[in-house]
Amino acid sequence: MPELPEVETVCRGLAPILEGQKLVRVVQRRADLRFPLPERFAERLEGRRVLSVSRRAKYILTELDDAEVLITHLGMSGRMFIGEAARPPDAHDHVILETEAGRAVVFNDARRFGMMDLVPRAGLASHKLLRDLGPEPLGNAFDGALLSARLEGRRTPIKSALLDQRVVAGLGNIYVSEALHRAGISPRRSAATVAGRRAELLAPAIRAVLEEAIAAGGSTLRDYVQASGELGYFQHAFRVYDREGQPCPGCSGACRIRRIVQSGRSTYYCPTRQR
DNA sequence: AACAAGACCTGCATGC
DNA sequence: TGCATGCAGGTCTTGT
């Protein structure tokens, strides 16, 4: 489920709980998520102090005091909860980190498309999961020219291109539809034809959509924590996503949001506004 | 090399 | 009610 804004909000919720804290106990309740967890995973984490929690694309990077980094991806259904260490475990609670302050961070993932790895800090950027990632859409360097260069020569629809994490890192199925709607670009248009002038519209649209979503999380959730203890998810109003047949908020007329399938995934758009 | 399709896994809504 | 079907906000792997 989570895309960049949700992962960012999870990170902001995790940071005050974990940063500076020693992990006094780590419980691993499954041998594998999407991939097998590393050997002696829990033992290697126990006794480590967390230096920082940050994000790259949709990955959560938890830097530890022994020059290692815990890489976490939430997949489609991964969720983080904070609570008391004694929280009764749910069937899909897979990893529990307990801090010296008595807080527990619970990684829960019903579908187990999520992943965790524990790797040396040196060479992190060349890790298999991270090395091919494209630019951060909220980074300073991300603009129309950079996006244009990434789209150059691609024949696939712009919708599919934006889902490719090598083009831009962090977008997912919801925010791609939202950004294309905001930019007035048809999701069916070949990516190559967006390179150039249209990329100058699309890059700021991507940035705005993501920033607004993060801001919504910040204003909705106190300390980025829900009453349930879950981190980082929040109600957010989408303009087109999952709104098939409803009026387009960008048009005054009778046009309706349409749903199509591209590369096996739903796309929502306004055929009038998006060309 | 680029692209589409298949695979992974569980839960939920829908319809018969 | 039970059961089948299709769908879900991701991404790695496989095949064309």
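In what follows, chains carry the letters A, B, and so on, assigned in the order in which the sequence lines appear, proteins first and then strands, with residues in each chain numbered from 1. Keep in mind that what you see is a predicted model, and the values were worked out from it rather than measured.
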**OP:** Remember a base hit wins even if backbone is also touched, and classify A:Y175 as base, sugar-phosphate or nothing at under 4.0 Å, heavy atoms.
**Re:** nothing
Original post:
Phosphate oxygens OP1/OP2 of B:dC9: is one of them under 4.0 Å from a side-chain N or O of A:H92?
Top reply: no
Original post:
What heavy-atom pair brings A:T9 and A:Y224 nearest, and what distance separates the two atoms?
Top reply: CG2-CD2, 3.0 Å
Original post:
Can a salt bridge be assigned to the pair A:R48 and A:E68 using a cut-off of 4.0 Å between side-chain N and carboxylate O?
Top reply: no
**OP:** Answer yes or no: does a side-chain N or O of A:T156 lie under 4.0 Å from OP1 or OP2 of B:dA4?
**Re:** yes
Original post:
B:dA7 P sits how many Å from A:R111 CZ, rounded?
Top reply: 15 Å
Subject >> Side-chain N or O of A:Q165 closer than 4.0 Å to phosphate OP1/OP2 of C:dT11 >> reply: yes
**OP:** Sort out for me which residue in A:I260, A:V240, A:I257, A:I185 forms a side-chain contact (heavy atoms from CB on, under 4.5 Å) with A:Y269.
**Re:** A:I260
Original post:
Does A:H73 make a side-chain N or O approach to OP1 or OP2 of C:dG10 shorter than 4.0 Å?
Top reply: no
Subject >> Nucleotide nearest A:M115 (side chain, heavy atoms from C-beta), chosen from B:dA4, C:dT11, C:dG9 >> reply: C:dT11
**OP:** Grab the CD-P distance between A:E3 and C:dA8 for me, whole Å please.
**Re:** 13 Å
Subject >> Separation of atom CZ in A:F113 from atom C1' in B:dC8, rounded to whole Å >> reply: 5 Å
Original post:
Does A:R154 make a side-chain N or O approach to OP1 or OP2 of B:dC3 shorter than 4.0 Å?
Top reply: yes
Original post:
Can a salt bridge be assigned to the pair A:E230 and A:R79 using a cut-off of 4.0 Å between side-chain N and carboxylate O?
Top reply: yes
Original post:
Under 4.0 angstrom, heavy atoms only, what part of the nucleic acid is A:F238 near: base, sugar-phosphate, or nothing?
Top reply: nothing
Subject >> Separation of the C1' atoms in B:dC3 and C:dG9, to the nearest angstrom >> reply: 23 Å
**OP:** Please evaluate the base of B:dC9 for a donor-acceptor partner in the side chain of A:R112 within a cut-off of under 3.5 Å?
**Re:** no
Original post:
Counting only side-chain N and O atoms of A:S160, is one of them less than 4.0 Å from OP1 or OP2 of B:dC3?
Top reply: no
Original post:
When the distance from NE2 of A:H94 to C1' of B:dT10 is rounded to whole Å, what number comes out?
Top reply: 10 Å
**OP:** Report yes if a side-chain nitrogen or oxygen of A:Y241 is closer than 4.0 Å to either non-bridging phosphate oxygen (OP1 or OP2) of C:dG9; otherwise report no.
**Re:** yes
Original post:
For A:D117 and C:dC12, what is the distance between atoms CG and P respectively, to the nearest whole Å?
Top reply: 12 Å
Original post:
A:A110 and A:H92: which non-hydrogen atoms are nearest, and at how many Å?
Top reply: CA-CG, 3.6 Å
Subject >> Salt bridge present between A:R154 and A:D164 (N-O < 4.0 angstrom) >> reply: yes
Original post:
When we call it a touch if two heavy atoms are under 4.0 Å apart, what does A:G172 touch: a base, just sugar-phosphate, or nothing?
Top reply: sugar-phosphate
Original post:
Is A:S263 near enough to B:dA4 that one of its side-chain N or O atoms lies under 4.0 angstrom from OP1 or OP2?
Top reply: yes
Subject >> Gap in Å between the two C1' atoms, one belonging to C:dT11 and one to B:dC12, rounded >> reply: 22 Å
Original post:
Atom CG of A:D132 to atom P of B:dA1: distance rounded to whole Å?
Top reply: 12 Å
**OP:** Scan A:L129 against the nucleic acid and name what it touches under 4.0 Å (heavy atoms): base, sugar-phosphate only, or nothing.
**Re:** sugar-phosphate
Subject >> Partner nucleotide of C:dT5 by Watson-Crick or wobble geometry (both distances under 3.5 Å) >> reply: B:dA13
Subject >> Atom-to-atom span, CZ of A:R265 to P of B:dA7 - whole angstrom >> reply: 17 Å
Original post:
Going by atom types only, do A:Y268 and A:Q246 share a side-chain donor-acceptor pair under 3.5 Å?
Top reply: no
**OP:** Check every atom of C:dG9, B:dG11, B:dC3 against the side chain of A:E6 and return the nucleotide holding the closest atom.
**Re:** C:dG9
Original post:
Once you round it to whole Å, what is the distance between C1' of B:dT10 and CG of A:D109?
Top reply: 9 Å
**OP:** Name the residue closer to the 5' end of DNA chain C, choosing between A:K58 and A:K128 according to the nucleotide with the nearest heavy atom.
**Re:** A:K58
